[in-house]
Amino acid sequence: MKLSRRLALGAVAGAVVLAVGGGVTAHLLDDPARGLTAAAHAGDAHCRELTGQAPGRLAGKERRSVGLDGVVVWGDQDVILRCGVASPAATTDPCFEANGVDWVLDERQSTPDRKVIVTFGRTPATQVAIRAQGVRTDEAILELSPLMEGIRKTGRCLDAQ
């Protein structure tokens with residue numbers, strides 16, 4: 001009888017461990033902040049204002065709370081905005097203007113699955129990472145550009161090339 005009781009207790013303990021582990025794993029996989037960190041200057045007043053004004057929906061994706069200063073996420077990390085990143089210097093990376101805001105495609109950080117775009121000529125700079133599947137990059141950038149108006153323009157990327 002003692003062996004049966006030990007086996008039963010062991011089975012129950014194993015089931016509890018699996019259930020808790022599965023719940024923790026599911027929570028981590030659904031955590032919109034997974035793998036993200038705040039940028040060095042995320043606490044800047046401009047970043048607080050920018051993230052506070054970020055839309056509830058962007059490119060058809062719902063905004064999700066992440067609890068990180070200067071960070072906003074839409075969808076399942078389909079679009080990630082990080083305010084307070086270092087401003088890019090003169091670059092040969094492609095640059096474009098959208099609604100009066102200069103943006104640079106950071107080719108070094110971009111992948112075939114995710115485009116990384118950074119404001120140019122604004123401090124603090126803002127980085128936007130956009131999943132290529134399911135989100136139109138141009139649509140997201142056009143929607144986000146008005147948020148940058150509160151950050152003083154100090155240069156243009158077209159002048160720096």
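The figures here come from the full heavy-atom set of this structure, side chains too, leaving out hydrogens, waters and symmetry mates.
- When side chains are defined from C-beta on, P94 does not count as touching V104, because their heavy atoms never get closer than 4.5 Å.
- The list of disulfide bond (SG atoms under 2.5 Å apart) pairs with a residue in residues 38-78, not counting sequence neighbours, reads C47-C83.
- Atom NZ of K115 and atom CG of L105 lie 6.5 Å apart (nearest 0.5 Å).
- Distance check, rounded to the nearest 0.5 Å: CG of L68 to CZ of R82 gives 9.0 Å.
- L58 is connected to L81 through a chain of hydrophobic side-chain contacts under 4.5 Å among Ile, Leu, Val, Met, Phe, Trp and Tyr, so both are in one cluster.
- V66 and I130 fall into different hydrophobic clusters, defined by Ile, Leu, Val, Met, Phe, Trp and Tyr side-chain heavy atoms under 4.5 Å apart, directly or through other members.
- With hydrophobic clusters built from ILVMFWY side chains whose heavy atoms lie under 4.5 angstrom apart, V79 shares a cluster with L50.
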N/O donor-acceptor pairs under 3.5 Å from side chains in residues 132-140, not counting sequence neighbours:
residue, atom, partner, partner atom, Å
R136, NE, D138, OD1, 3.3
R136, NH2, D138, OD1, 3.3
R136, NH2, D138, OD2, 2.8

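- Closest non-hydrogen pair, R122 versus S87, comes out as O-OG, 3.2 Å.
- A distance-only check finds a donor-acceptor pair linking the side chain of D102 to the backbone of C157 [under 3.5 Å].
- Within the structure, the side-chain hydrogen bond (donor to acceptor under 3.5 Å, both in side chains) test picks out the following pairs touching residues 43-59 (sequence neighbours left out): R57-E62.
- What you find for Q109 and V116 is that their closest heavy atoms are O-CG2, 3.8 Å.
- Every residue meeting the side-chain contact (heavy atoms from CB on, under 4.5 Å) condition with S145, not counting sequence neighbours, appears here in chain and number order: A98, N99, V101, W103, I141.
- For the residue pair T126 / T119, no side-chain donor-acceptor distance below 3.5 Å is found, with atom types taken as modelled.
- Follow the hydrophobic side-chain contacts under 4.5 Å out from W74 and you reach V128 in the same cluster.
- Just one of D76, D31, D78 meets the side-chain contact (heavy atoms from CB on, under 4.5 Å) condition when paired with R64; it is D76.
- Closest approach of D106 and S110 over heavy atoms only: O-OG, 2.8 Å.
- Between the side chain of R156 and the backbone N or O of G121 there is no donor-acceptor pair closer than 3.5 Å.
- Take E149 and apply the salt bridge (Lys or Arg N to Asp or Glu O under 4.0 Å) test, not counting sequence neighbours, and it matches no residue.
- Under the 4.5 Å side-chain heavy-atom criterion for Ile, Leu, Val, Met, Phe, Trp and Tyr, V72 and I117 are members of the same hydrophobic cluster.
- Under the side-chain contact (heavy atoms from CB on, under 4.5 Å) criterion, T111 pairs with D113, R114, not counting sequence neighbours.
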